[in-house]
Amino acid sequence: MASSSYTPPENAAEVFEQYRDALATARRLKPQVRKLAEEELRRGVTAGQLAHATGETDEVYRRIARSLGIDQKRPPTRTSFPSGESGGTS
């Protein structure tokens with residue numbers, strides 16, 4: 001990481017430090033959260049329930065479930081359309 005001569009104002013420095021600490025904590029917990037999420041998904045907990053419990057998005061847990069071959073309660077989002085349909089907004 002390159003160093004610089006930037007010194008944030010005191011109020012910003014305090015918030016930046018808190019944010020840096022929060023990111024470090026999230027990185028440290030991520031493997032444990034993933035392991036627990038895998039176990040819960042196998043038990044039948046939904047991606048939405050895990051998202052609500054953790055503050056992540058549903059899609060994070062849908063991807064984990066797909067990687068494990070776990071059937072989803074919600075069908076995948078439609079990614080292809082019959083000819084003539086764009087699927088976008090006009």
Side-chain angles (χ1 to χ4, degrees):
M1 181 187 245
S3 84
S4 73
S5 60
Y6 171 67
T7 303
E10 190 174 321
N11 63 331
E14 183 178 328
V15 173
F16 292 163
E17 183 178 357
Q18 290 173 4
Y19 185 72
R20 188 175 51 247
D21 292 346
L23 286 175
T25 299
R27 284 186 204 106
R28 182 176 51 79
L29 291 173
K30 190 172 185 173
Q32 185 178 1
V33 170
R34 174 153 179 136
K35 182 178 184 284
L36 292 169
E38 289 176 3
E39 292 169 5
E40 293 301 289
L41 288 164
R42 286 187 177 109
R43 283 189 335 105
V45 173
T46 67
Q49 289 170 318
L50 287 171
H52 181 76
T54 63
E56 284 285 4
T57 65
D58 298 21
E59 187 58 27
V60 168
Y61 299 108
R62 283 190 205 108
R63 288 177 183 174
I64 292 171
R66 278 193 297 271
S67 76
L68 298 170
I70 296 172
D71 289 335
Q72 299 290 292
K73 309 266 188 237
R74 173 190 164 281
T77 303
R78 187 174 177 181
T79 57
S80 62
F81 299 90
S83 53
E85 270 187 61
S86 67
T89 56
S90 301

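Atom set for the values below is all heavy atoms of this structure, side chains included, hydrogens, waters and symmetry mates excluded.
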Practice task
Kindly write out the residues that satisfy side chain to side chain contact (heavy atoms under 4.5 Å, CB included) with A24, not counting sequence neighbours, or none if the list is empty.
Solution key: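 Result, side chain to side chain contact (heavy atoms under 4.5 Å, CB included) vs A24: none returned.
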Exercise for the section: Could you grab the distance from atom CG of D71 to atom CG of L41, nearest 0.5 Å is fine? Expected result: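 That separation rounds to 12.0 Å.
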Practice task
May I have all residue pairs that pass side-chain hydrogen bond (donor to acceptor under 3.5 Å, both in side chains) and include part of residues 31-42, sequence neighbours excluded?
Solution key: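 Only R34-E38, R34-S67, K35-E39, E40-R43 qualify under side-chain hydrogen bond (donor to acceptor under 3.5 Å, both in side chains).
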Problem - Rounded distance (nearest 0.5 Å) linking atom CD of E59 with atom CD1 of I64 - result: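 Reported to 0.5 Å precision, the distance equals 10.5 Å.
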Just list the side-chain donor-acceptor pairs under 3.5 Å for residues 49-57, sequence neighbours left out, or say none.
| from | atom 1 | to | atom 2 | distance (Å) |
| --- | --- | --- | --- | --- |
| Q49 | OE1 | T46 | N | 2.8 |
| Q49 | OE1 | T46 | OG1 | 3.3 |
| T54 | OG1 | L50 | O | 2.9 |
| T54 | OG1 | E56 | N | 3.2 |
| T54 | OG1 | Y61 | OH | 2.9 |

Problem - Single-linkage hydrophobic cluster V60~L68, side-chain heavy atoms < 4.5 angstrom - result: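 Yes, because V60 and L68 connect within a single hydrophobic cluster, where side-chain heavy atoms sit under 4.5 Å apart.
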Handout entry: Partners passing salt bridge (Lys or Arg N to Asp or Glu O under 4.0 Å) against K30 (at least two apart in sequence or in another chain)
Key =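 K30: no salt bridge (Lys or Arg N to Asp or Glu O under 4.0 Å) contacts found.
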Practice task
Sequence neighbours left out, what pairs pass side-chain hydrogen bond (donor to acceptor under 3.5 Å, both in side chains) with at least one residue falling in residues 11-21?
Solution key: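 Passing the test, one end in residues 11-21: no pairs.
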Problem - Sequence-distant partners of T25, side chain to side chain contact (heavy atoms under 4.5 Å, CB included), two or more places apart - result: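 T25 satisfies side chain to side chain contact (heavy atoms under 4.5 Å, CB included) with R28, L29 only.
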